[in-house]
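For reference, the structure discussed in these notes is given below.
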Amino acid sequence: MPKETVPEPLRPAHFAGDPVEVARRLLGGKLVRVTPEGERLSGRLVELEAYDCPRDPACTAGRFHAARSADMAVAPGRWLFWTAHGHPLLQVSCREEGVAASVLIRAIEPLEGVGRMLDYRPVTRERDLTNGPAKLVYALGLNPAQIAGTPVDRPDLFLLPPGAPLPDAEVEVTARIGIKEGRNLPWRFTVRGNPWVSPAAPSMELMP
DNA sequence: ACAGTGATGTGCT
DNA sequence: GCACATCACTGTA
């Protein structure tokens with residue numbers, strides 16, 4: 001019997017390229033968080049978006065958010081938190097140092113430690129636990145101040161690639177959510193038909 | 001100093 | 001489906 005291969009946590013170098021391609025490859029993978037008590041919380045990556053500031057009208061960091069742009073322009077493969085409406089959104093920096101680009105984790109399907117997640121973020125309907133970019137940050141109990149800027153292969157917070165690349169048929173490619181500019185860019189990747197993707201999807205279709 | 005905007009979440013009708 | 005809380009940041013003064 002061949003030993004079952006346990007996927008290795010993704011290293012920072014994995015994120016050195018185009019965030020659109022990185023997001024596509026990452027879909028179907030896993031986000032894992034280990035609490036200080038040693039409990040493992042995890043979820044399947046079912047909704048990701050790419051932000052590529054130099055050529056991206058939706059990326060405000062590239063246009064005027066100088067400070068935030070600098071935050072995002074760190075070396076590849078670092079955890080980042082974009083702030084929107086007062087909420088922290090989890091991202092991974094992409095491309096080389098000096099260029100602001102990232103992958104945004106918008107939703108996960110809870111796998112391990114659901115009870116603990118409900119402690120961190122009580123909800124009436126379990127469906128609402130992690131189906132939004134800030135929701136999953138709260139549900140995993142992440143502390144942005146402690147994590148921002150650190151490499152993605154932390155012992156207590158890391159990413160696993162999908163066992164096998166997700167076939168195109170299972171991937172839905174649409175416009176990104178919650179933006180006005182750049183609606184024509186197909187940079188949002190979701191697992192087709194997965195019930196855990198964010199409900200706040202005004203248009204599932206590309207707007208010209 | 002102040003009004004407006006946005007990569008959101010929550011609660012209520 | 002709709003209003004509102006919320007806050008970093010921008011444009012204007």
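Below, all heavy atoms of this structure are taken into account, side chains as well, without hydrogens, waters or symmetry copies. A note on names: the letters A, B, ... follow the listed sequences, proteins ahead of strands, and every chain is numbered from 1.
- For Arg127(A), the CZ atom counts as loosely surrounded, since its 6.0 Å shell holds 12 or fewer non-hydrogen atoms of other residues, nucleotides or ligands.
- Using a 4.0 Å cut-off between charged nitrogen and carboxylate oxygen, Arg192(A) and Asp168(A) do not count as a salt-bridge pair.
- In this structure, Asn131(A) atom CG and dT8(B) atom P are separated by 13 Å, rounded to whole Å.
- Stacking annotation: His85(A) is stacked on the base of dG6(B) (ring centroids less than 5.5 angstrom apart, interplanar angle below 30 degrees).
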ring-ring contact (aromatic ring centres under 6.0 Å, His included) assessment of Trp82(A) paired with His65(A): CA-CA 11 Å; Trp82(A) 182 264; His65(A) 290 75; 5.7 Å; yes
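- Distance CD1 (Ile177(A)) to P (dG6(B)): 15 Å, rounded to an integer number of Å.
- Here Leu104(A) lies in heavy-atom contact (under 4.0 Å) with a base.
- Distance His87(A) NE2 to dT10(B) C1': 8 Å, rounded to the nearest Å.
- Within the 4.0 angstrom heavy-atom criterion, no nucleotide atom of any strand lies near Ala50(A).
- The side chain of Arg106(A) approaches dT8(B) more closely than any other nucleotide in the set dC9(C), dT8(B), dG6(B).
- Between Arg176(A) and Glu49(A), none of the side-chain N atoms (NZ, or NE/NH1/NH2) sits under 4.0 Å from a carboxylate O, so this pair counts as no salt bridge.
- Among the heavy atoms of the strands lying under 4.0 Å from His65(A) are primed sugar atoms or P, OP1, OP2 only; no base atom is included.
- As rounded to whole Å, 12 Å separates atom P of dG11(B) from atom CZ of Arg125(A).
- Separating the OH atom of Tyr120(A) from the C1' atom of dG9(B) is a distance of 20 Å, rounded to the nearest angstrom.
- In the set dG6(B), dC9(C), dG9(B), dG6(B) carries the atom at the smallest distance from any side-chain atom of Lys180(A).
- If you measure from atom CD of Glu49(A) to atom P of dT8(B), you get 8 Å, rounded to the nearest angstrom.
- Within the shown strands, nothing qualifies as a pairing partner of dT6(C) under the Watson-Crick or G-U definition with both distances less than 3.5 Å.
- Atom-to-atom, CH2 of Trp82(A) to C1' of dT8(B) comes out at 14 Å; the value is rounded to the nearest Å.
- Following rounding to the nearest Å, Arg176(A) (CZ) and dG6(B) (C1') show an atom-to-atom distance of 14 Å.
- Ion pairing between a basic and an acidic side chain is recognised when a charged N comes within 4.0 Å of a carboxylate O; Lys30(A) and Glu112(A) show such pairing.
- Within the 4.0 Å cut-off from OP1 or OP2 of dG9(B), not a single side-chain nitrogen or oxygen of Arg121(A) is found.
- Using a 4.0 Å heavy-atom cutoff across all strands shown, Tyr138(A) reaches no nucleic acid atom at all.
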